[in-house]
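Structure record follows, encoded as structure tokens.
Every number for a ligand or one of its atoms is a count from 1 in the order of the listing.
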Amino acid sequence: MTNTHAKFLKLITDVPDFPKPGIIFKDISPLLASEWFPELIQELAELVRESVNENNITRIAGIESRGFILGAALAHEMNIGFIPVRKEGKLPPPTVRHSYALEYGTDTIEVKAGTGSVIIIDDVLATGGTLTAAATALTAAGYTVTDIAVLMDLKFLNRFEWQGRAAKSLFAFS
Ligand code: AMP
């Protein structure tokens, strides 16, 4: 791990039993609030730059809500557009909806229809359910999901792949 990455990691706090007992929540708020936020975005840009250039990716899709913070800043840094992947009922119609199973019950996300090659961004990849749902919704909405990148991949919880591609990450926890 580089010194840059180590200093980011020091500003990510493990919060036990939030939002439910047994979950160790990775709180990125101290990192977002720090002077290192611009450098974090530059590091994420380095992570995806080759893929964005090679695959002619024209938009970043960010997942509500921490994916909005990282994704919008990254889209600005990469000089490309941003698409919000939102929770149900937040976007005005028409939207493309996708429901997916949770441990208990279901959840629904919505996106606006569009075209072109996109990369999805989120803060944490845990089971992979959210990213799979976002990729499925964006595909149904007309986009080509070419790549996926996260700040942290909790690899011990998932074997995530989208169409044979693993997610890119700044930090992987095995
Ligand atoms: P999953 O669908 O299980 O991969 O969960 C990913 C989504 O839930 C992401 O949008 C994360 O922001 C959030 N999430 C899941 N686990 C954590 C965690 N341990 N710490 C912070 N956020 C998490």
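Closest heavy-atom contact between I109 and A137: CD1-CB, 4.0 Å.
Considering backbone and side-chain atoms together, L154 places no N or O closer than 3.5 Å to any N or O of ligand 1. Ligand 1 has an N or O atom lying under 3.5 Å from an N or O atom of K26, backbone or side chain. On a distance-only criterion, L125 and ligand 1 share no N/O pair closer than 3.5 Å.
Residue contacts with ligand 1 for N158 are absent, since no atom lies close enough (heavy atoms, distance under 4.0 Å). Looking at D123 against ligand 1, only its side chain comes within 4.0 Å, counting heavy atoms.
Look at K7 and E39 and you find a salt bridge, because one of the NZ, NE, NH1 or NH2 atoms lies within 4.0 Å of a carboxylate O, short of that distance. Ion pair K90/E110 not flagged as a salt bridge, since none of the NZ, NE, NH1 or NH2 atoms sits closer than 4.0 Å to an Asp/Glu carboxylate oxygen. Using a cutoff of 4.0 Å between basic side-chain nitrogens and carboxylate oxygens, R86 and E64 are scored as salt-bridged.
Note: Y100 and H98 have parallel aromatic rings, judged against thresholds of 30 and 60 degrees for the angle between ring planes.
Annotation: atom 22 (N) of ligand 1 to nearest protein heavy atom, R66 NH2, 3.3 Å. Given atom 17 (C) of ligand 1, the protein heavy atom at minimum distance is V124 CG1, 3.7 Å. Taking atom 15 (C) of ligand 1 as the reference point, the nearest protein heavy-atom neighbour is A126 CB, 3.7 Å.
Ligand-side atoms of ligand 1 in range of I24: 18 (C), 19 (N), range being under 4.0 angstrom from any heavy atom. Listed by atom number, the atoms of ligand 1 under 4.0 Å from T127 heavy atoms are 1 (P), 2 (O), 3 (O), 4 (O). The T130 neighbourhood of ligand 1 comprises atoms 1 (P), 2 (O), 5 (O), 6 (C), 7 (C), with distances under 4.0 Å to a heavy atom of that residue. Within ligand 1, counting atoms from 1 as listed, the ones closer than 4.0 Å to a heavy atom of G129 are 2 (O), 4 (O).
D122 counts as a contact of ligand 1, since one of its heavy atoms falls under 4.0 Å from the ligand.
With hydrogens and angles left out, the side-chain atoms of T106 and S99 include no donor and acceptor closer than 3.5 Å. Side-chain N/O atoms of S51 and D147 include a donor and acceptor closer than 3.5 Å.
The only member of D153, I120, I121 that meets side chain to side chain contact (heavy atoms under 4.5 Å, CB included) when paired with I148 is I120.
Using a 4.0 Å threshold on non-hydrogen atoms, atom 3 (O) of ligand 1 counts as touching the protein.
Taken to the nearest 0.5 Å, the NZ atom of K155 stands 8.0 Å off from the CG atom of L125.
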